[in-house]
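Accompanying notes for the structure given below.
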Amino acid sequence: MPIQSILDGKYEDKSVAIRGWVYRKREGKQTIFLVVRDSTGVIQCTVKADSPAWSEAEKITIESSLTIEGTVKKDQRAPGGYEVSAEKLSVIGLADVFPISKDKSEEFLRDIRHLWLRSRRMNLVMKVRADVLEFTREFFKDQGFVEVSPPMFISAAVEGGSTLFGLKYFDQNLYLTQSSQLYLEILIYSLEKVYCIAPSFRAEKSRTIRHLTEYWHIEGEWPFADMNDLMQFEEELLAHVCKRAAEKCGKEFEELGADTSKVASVETPFPKITYTEAVERLKAKGIERKWGEDFGYDDEKALADEFGKPFFVYDYPTAIKAFYCKTYRNHPEVAMSADMLVPRIGEISTGGAREDDKDVLIKRIREMGLSEKDYDWYLDLRRYGTVPHVGFGMGLERLLTWMLDLENIIDSIPFPRTIRRFYP
RNA sequence: GCCGCCGUAGCUCAGUUAGGUAGAGCGGCUGGCUGUUAACCAGUCGGUCAUAGGUUCAAGUCCUAUCGGCGGCGCCA
């Protein structure tokens, strides 16, 4: 039975059988204490010198897999309050000396990530990650969205960026996607409200605690909507995920040393300021930014410190936004775009209205120095029943890093890929 | 792309200021211990001081180059 069910007190004074791995071993002349873990929790097992399990217990090592049969006893001396008095112990896989002990560095743990993933800490983070994915899908589904599966191999740049990973595709050159947005835009013409949770790849040589080269992108796209609809959807999505996490993941947050009150207190509507207001606020802080300049991380941090919670900056200058961003018809220098920012991490989401006028889009593609030919199918979407639409992309790992107050984004994903790390 | 920091035992580190016999704790192994809480006590094993070159009577320590890692900025989610 699951270890957690024993810790919940369901088997007091009853016979149980557990299976798992040795987490700690403490040896005395009369008693061997084995702390055993499974996916649900950890429990202390005692093996007495006169128990038939003694000889097996003596030779077992940390991280060996085993089964134990015994009797559950309530005992205040045991961590967790319950322990299993072992009567039978079978070693399944005897472990070599486990390299991870109490002294460990970030670097070492990254080198042996395949073993570090067994840790209590990573176990907890991965459970919260799974729950956050579930809460996200829950929200999209409630709002009538259809989950779709975009391609990872793509033939042309999504944003015309130089940050694409190229690869050999038989005898052609292809890229790994850096956003599924353009493909979601195709699907709104039939399914209307669509979303995906899929990897995005960025060949940016960033060395920070908030960048991965492969990350999971939560993207939504839907027609007949404007900027207000977009920001409202995004803030409600985040609020839903945070509220559900506060309800369901309290234990995980606590064990990870994260504060649930932060996510529990996320409420809509979020503060929203325009790019122009942001420039003014920065000016008031003594940070001079000319209108039209993009914000750096320090600028975002200064703004985020002021709010201390998630907020939006919207209506950015067209010049610093991608070609597909829709512009205000009476103010073409301003793009209908919105970034969601959180303290410490900065941007966790970017979204906006997409240009739906074929001629304006062609003009923008040319202005950005891109080739019209590469976007033929994208332009087709504007030729056949174009429709105003909006969409956004949110970084799952940035969201988790913020929610759980992780020191580094790499711990929000089991197998992080960074500029230097891709093993295992 | 720019800037900063780090590399000594399986692991965590001291030793680098001011060149002079390679150290500790943890882990392993051996023994001890009547209930431990990442146990404790004693003993013991364990080294290409990242690599290459240079200075010097003498280099872990100083100099040069290279390799590897971490972080900050830029860029981005």
Side-chain angles (χ1 to χ4, degrees), chain A residues 22-35 37 42-50 61-63 73 75-81 83 85 95-112 115-116 119-120 158-159 161-164 177-181 197-219 234 293-301 320-322 338-342 345-351 392-402 407-410 412-413 418-421 423:
Chain A
V22 178
Y23 187 58
R24 301 277 184 265
K25 181 183 181 183
R26 293 182 282 273
E27 222 165 337
K29 199 177 185 184
Q30 305 292 322
T31 315
I32 294 172
F33 298 93
L34 295 177
V35 181
R37 64 170 181 84
V42 294
I43 193 164
Q44 174 165 292
C45 302
T46 58
V47 184
K48 296 288 186 184
D50 58 1
T61 49
I62 301 271
E63 283 303 310
K73 292 188 177 142
D75 194 321
Q76 289 198 331
R77 295 170 298 185
E83 65 182 18
S85 179
D96 288 354
V97 176
F98 201 61
I100 301 175
S101 61
K102 72 172 181 181
D103 296 316
K104 52 207 183 267
S105 64
E106 269 294 311
E107 181 175 358
F108 181 59
L109 295 179
R110 291 180 198 203
D111 287 343
I112 49 158
L115 300 176
W116 178 235
S119 68
R120 189 82 190 125
V158 170
E159 311 201 10
S162 57
T163 58
L164 287 161
T177 185
Q178 53 183 192
S179 164
S180 299
Q181 178 200 321
I197 301 175
S200 280
F201 305 88
R202 303 271 167 108
E204 295 155 1
K205 293 187 175 176
S206 306
R207 315 189 48 87
T208 78
I209 56 154
R210 58 186 188 283
H211 283 88
L212 294 166
T213 53
E214 176 183 22
Y215 67 96
W216 285 71
H217 217 163
I218 300 165
E219 293 179 277
E234 281 193 63
E293 264 184 305
D294 205 355
F295 296 139
Y297 177 64
D298 291 339
D299 304 327
E300 288 175 1
K301 205 156 60 180
I320 57 173
K321 285 288 163 184
D339 287 357
M340 189 195 286
L341 296 95
V342 297
I345 310 298
E347 295 172 38
I348 62 165
S349 151
T350 293
F392 70 95
M394 186 178 289
L396 172 64
E397 289 78 14
R398 286 195 176 174
L399 173 61
L400 284 164
T401 303
W402 172 73
E407 278 181 25
N408 192 310
I409 197 167
I410 66 165
S412 64
I413 186 166
T418 66
I419 182 170
R420 290 273 180 237
R421 298 277 182 178
Y423 171 95

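First the proteins, then the strands, lettered A, B, ... as listed; each starts at 1. Just so it is clear, the structure is predicted and the values come from calculations on it, not from any experiment. Side chains are part of it too, since the values below use all heavy atoms of this structure and drop only hydrogens, waters and symmetry mates.
The residue A:Gly296 sits close only to the backbone: its heavy atoms come under 4.0 Å of sugar-phosphate atoms, none of a base. Note on A:Ile209: only backbone sugar-phosphate atoms sit closer than 4.0 angstrom, heavy atoms only; bases stay farther off. Using a 4.0 Å heavy-atom criterion, one finds that A:Asp96 contacts no nucleic acid atom at all. At the heavy-atom level, A:Arg210 lies under 4.0 Å from base atoms of the strands shown. Base engagement by A:Glu204 is indicated by at least one non-hydrogen atom pair under 4.0 Å involving a base atom.
For A:Leu396, the side-chain contact (heavy atoms from CB on, under 4.5 Å) partners are A:Arg129, A:Val132, A:Leu133, A:Trp216, A:Ile218, A:Leu400, not counting sequence neighbours. Not counting sequence neighbours, the partners of A:Ser349 by the side-chain contact (heavy atoms from CB on, under 4.5 Å) test are A:Glu234, A:Met340, A:Phe392, A:Met394. A:Arg420 pairs by the side chain to side chain donor-acceptor pair (under 3.5 Å) definition with nothing, not counting sequence neighbours. In this view, A:Phe201 satisfies the ring pair (Phe, Tyr, Trp, His ring centres under 6.0 Å) rule with no residue, not counting sequence neighbours. Applying the salt bridge (Lys or Arg N to Asp or Glu O under 4.0 Å) rule to A:Arg77 yields the partners A:Asp75; only residues at least two apart in sequence or on another chain are considered. Shown here are the side-chain contact (heavy atoms from CB on, under 4.5 Å) partners of A:Ala95, two or more places apart in sequence or in another chain: A:Thr61, A:Glu63, A:Ser64. A:Arg24 meets the salt bridge (Lys or Arg N to Asp or Glu O under 4.0 Å) test with no other residue; sequence neighbours excluded. Qualifying side chain to side chain donor-acceptor pair (under 3.5 Å) partners for A:Thr350, counting only residues two or more places apart in sequence or in other chains: A:Asp339. Residues meeting the side-chain contact (heavy atoms from CB on, under 4.5 Å) test with A:Arg421, sequence neighbours left out: A:Glu107, A:Arg110, A:Asp111, A:Thr418.
The side chain of A:Ser105 lies closest to B:U12, out of B:U12, B:G69, B:A77.
The gap from the P atom of B:C67 to that of B:A52 amounts to 15 Å, rounded to the nearest Å. With C1' as the reference atom, B:G20 and B:A58 are 7 Å apart, rounded to whole Å.
A donor-acceptor contact closer than 3.5 angstrom is absent between the side chains of A:Tyr215 and A:Arg398.
Closest of all the heavy-atom pairs between A:His211 and A:Thr208 is ND1-OG1, 2.6 Å.
As the counterpart of B:A52, B:U64 is assigned, both hydrogen-bonding distances of the Watson-Crick or G-U wobble pattern falling under 3.5 Å. B:G4 is paired with B:C70 under the Watson-Crick or G-U wobble criterion, all donor-acceptor distances under 3.5 Å. For B:A38, there is no paired base (Watson-Crick or G-U wobble, both distances below 3.5 Å).
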I'd like a table of atom pairs between the protein and nucleotides 28-35 of chain B - only N or O on both sides, under 3.5 Å - with the distance next to each one.
{"unit_1": "B:C33", "atom_1": "OP1", "unit_2": "A:Lys29", "atom_2": "NZ", "d": "3.2"}
{"unit_1": "B:C33", "atom_1": "OP2", "unit_2": "A:Lys29", "atom_2": "NZ", "d": "3.1"}
{"unit_1": "B:G35", "atom_1": "O2'", "unit_2": "A:Arg77", "atom_2": "NH1", "d": "3.3"}
{"unit_1": "B:G35", "atom_1": "N7", "unit_2": "A:Lys48", "atom_2": "NZ", "d": "2.9"}
{"unit_1": "B:G35", "atom_1": "N1", "unit_2": "A:Glu83", "atom_2": "OE1", "d": "3.4"}
{"unit_1": "B:G35", "atom_1": "N1", "unit_2": "A:Glu83", "atom_2": "OE2", "d": "2.7"}
{"unit_1": "B:G35", "atom_1": "N2", "unit_2": "A:Gln44", "atom_2": "NE2", "d": "3.3"}
{"unit_1": "B:G35", "atom_1": "N2", "unit_2": "A:Glu83", "atom_2": "OE1", "d": "2.6"}
{"unit_1": "B:G35", "atom_1": "N2", "unit_2": "A:Glu83", "atom_2": "OE2", "d": "3.3"}

Are any protein N/O atoms closer than 3.5 Å to N/O atoms in nucleotides 22-26 of chain B? If there are, list each pair with its distance.
{"unit_1": "B:G25", "atom_1": "N2", "unit_2": "A:Asp103", "atom_2": "OD2", "d": "3.0"}

Mind listing the N/O atom pairs, protein and nucleotides 1-5 of chain B, below 3.5 Å?
{"unit_1": "B:G1", "atom_1": "O6", "unit_2": "A:Lys205", "atom_2": "O", "d": "3.3"}

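Applying the 3.5 Å distance criterion, the base of B:A38 shares no donor-acceptor pair with the side chain of A:Lys25.
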